[in-house]
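Written out below as structure tokens is the structure these notes cover.
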Amino acid sequence: MNDTAYGISRLRAVPSARNDEEERVAACARTDGESRAVAAAPRIAKRLTAWWEANARDLPWRFGRATPWGVLVSEVMSQQTQMSRVVPYWQAWMELWPDATALAGASTAEVITMWGRLGYPRRALRLQECAQAVSERYADELPRTYEQLVALPGIGDYTASAVMSFAFGRRIAVIDTNIRRVLSRVFLGKESMGGAASATERELANTVLPQDPSASVMWNQSVMELGAVVCVAKKPLCERCPIAGECLFLESGLPGLGEKRTRPRQRFQGTDRQVRGIVLNALRTLPGAQTSLPREQVESLWKDHVQLDSCIASLDEDGLIEILADGSLRLPR
DNA sequence: ATCCAGGTCA
DNA sequence: TGACCCGGAT
């Protein structure tokens, strides 16, 4: 891990009559944050690597134990969902459908049932669509470019980047809310704001990312892990942080910790999301041989029948349920 | 009981 | 920009 690997040479490459040291000082003055970040990143990377090796959670898709498809499944399941909740679902899922072609051939009802209570069941549908695309267009082999990955159903910027980094070992900045929070705190000394990642945050992520591909993978996974277990949003465990000595946020006295910075959250109680969840859960957990829920039992699920019917209609539009002629509901075949 | 975390898509 | 789900923390 030398300076060149982190882009120092680029900063020094500005034409100048002054010597390198003068140029470095001038560069610091011009782009204080970036220059400081570039200088600190190698030290931080070293500490994070040691911390990762001693503290990384033993998730089943880590340490080379999963195929690229398995890594993709873990990332899709982990969107908007805590890792600890994902583990048992991922294990059962991968046992049943070890590759894209296996998932492509499953019934929708089975897929929704196995998705269980992970939440946002449209992700399950998109994952199966993704499996069908991979199976048919790419002969069951996950494509290896960001552009091809991000074009797949349910795969956005984060998941495409995560697969490129964690499954294929390529050098690419992975940007999720954990990484944004950690990088913003450590290098900018302030909280990351809600909403989409800003241009500044993206530039920072690319600036501090190690040049060496395998070092960049370690960086991505260790920064993300730190954000998940130490540098958490509300009560960061700075006394257990391996890079507390390098953190501008801690140095500044944690300014604005606890201020509203996440996207405004929608209430859950009484929302369509809750009602949709109730309906789908009833269908997922039908007893024994029963394959559909009679209209009468559907109506007992939620008092407000106007809202219930609109949720049933939206579930139908999403392809998550089928409405039979007699008004009973079932999971799609 | 209420608050909160977390990517993708339209 | 808002819709989408669930469970853990407080």
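We name chains A, B, ... by the order of the sequence lines, and we start the count at 1 in each one.
Remark: Thr159(A) is in phosphate contact with dT8(B), judged by side-chain N or O atoms under 4.0 Å from OP1 or OP2. For dG7(B), neither phosphate oxygen OP1 nor OP2 lies less than 4.0 angstrom from any side-chain nitrogen or oxygen of Arg123(A). In this model, the phosphate group of dG6(B) is not approached by any side-chain N or O of Arg85(A) to a distance below 4.0 Å at OP1 or OP2. One finds no side-chain N or O of Arg126(A) lying less than 4.0 angstrom from the OP1 or OP2 phosphate oxygen of dC9(B). The shortest distance between the side-chain N/O atoms of Thr177(A) and the OP1/OP2 oxygens of dG7(B) is below 4.0 Å.
The separation between Leu125(A) atom CG and dA3(C) atom C1' is 16 Å, rounded to whole Å. Between the CD atom of Gln80(A) and the P atom of dG7(B) there is a distance of 6 Å, given to the nearest Å. Met83(A) has its CE atom 17 Å from the C1' atom of dG8(C), to the nearest Å. Leu118(A) has its CG atom 15 Å from the C1' atom of dG8(C), to the nearest Å. As rounded to whole Å, 13 Å separates atom P of dG6(B) from atom NZ of Lys234(A). Atom CG of Asn281(A) is separated from atom P of dC4(C) by 17 Å (rounded to the nearest Å). Computed from coordinates, the Asp157(A) CG to dG6(B) P distance equals 16 Å when rounded to whole Å. Whole-Å rounding puts the Glu191(A) CD to dA5(B) C1' distance at 14 Å.
Within a 6.0 Å sphere centred on CZ of Arg62(A), other residues, nucleotides and ligands contribute more than 12 heavy atoms.
In this structure, the nucleotide among dG7(B), dG6(B), dA5(B) sitting nearest to the side chain of Ala233(A) is dA5(B). Set against dC4(C), dG6(B), dC5(C), the side chain of Asp272(A) has dC4(C) as its closest nucleotide. With distances taken from any side-chain atom of Arg122(A) to the nucleotides dC6(C), dA3(C), dG7(B), the minimum falls on dA3(C). Listed nucleotides dC5(C), dG6(B), dC6(C) differ in distance to Arg284(A); the shortest reach to its side chain belongs to dC6(C). In the set dG6(B), dT8(B), dC4(C), the nucleotide with an atom closest to the side chain of Asn178(A) is dG6(B). Among the nucleotides dG6(B), dT8(B), dC5(C), the one closest to the side chain of Gln79(A) is dT8(B).
Nucleotides dG6(B) and dT10(C) have their P atoms positioned 14 Å apart, rounded to a whole Å.
Salt-bridge check for Asp318(A) with Arg276(A): passed, with a basic side-chain N closer than 4.0 Å to an acidic carboxylate O. Checked for salt-bridge contact, Asp58(A) and Arg65(A) meet the test: a charged N lies under 4.0 Å from a carboxylate O. Glu246(A) and Arg36(A) are not joined by a salt bridge, as no carboxylate oxygen comes within less than 4.0 angstrom of a charged side-chain nitrogen. With respect to Asp309(A) and Arg295(A), a salt bridge is recorded, a charged nitrogen being found less than 4.0 Å from a carboxylate O.
In this pair, Trp52(A) and Phe63(A) present their aromatic rings tilted. The plane angle is within the 30 to 60° band. Taking the six-membered ring where tryptophan is involved, the planes of Trp219(A) and Phe187(A) are tilted, since the angle between them lies from 30° to 60°.
Residue contacts for Asp318(A): at a heavy-atom cut-off of 4.0 Å it reaches no nucleic acid atom on any strand shown.
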**Request:** Mind running side chain to side chain donor-acceptor pair (under 3.5 Å) on Thr81(A) and Arg123(A) for me, showing each step along the way?
**Result:** CA-CA 11 Å; Thr81(A) 308; Arg123(A) 287 184 295 167; 3.1 Å; yes

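Taking a centre distance below 5.5 Å and an interplanar angle below 30 degrees as the stacking criterion, Tyr120(A) does not stack against the six-membered base ring of dC4(C).
Where Gly227(A) and Ile155(A) each meet DNA chain B at their nearest nucleotide, the meeting point lying more 5' is that of Gly227(A).
Near DNA chain B, defined here as any heavy-atom distance below 4.0 Å, there are no residues from residues 140-151 of chain A.
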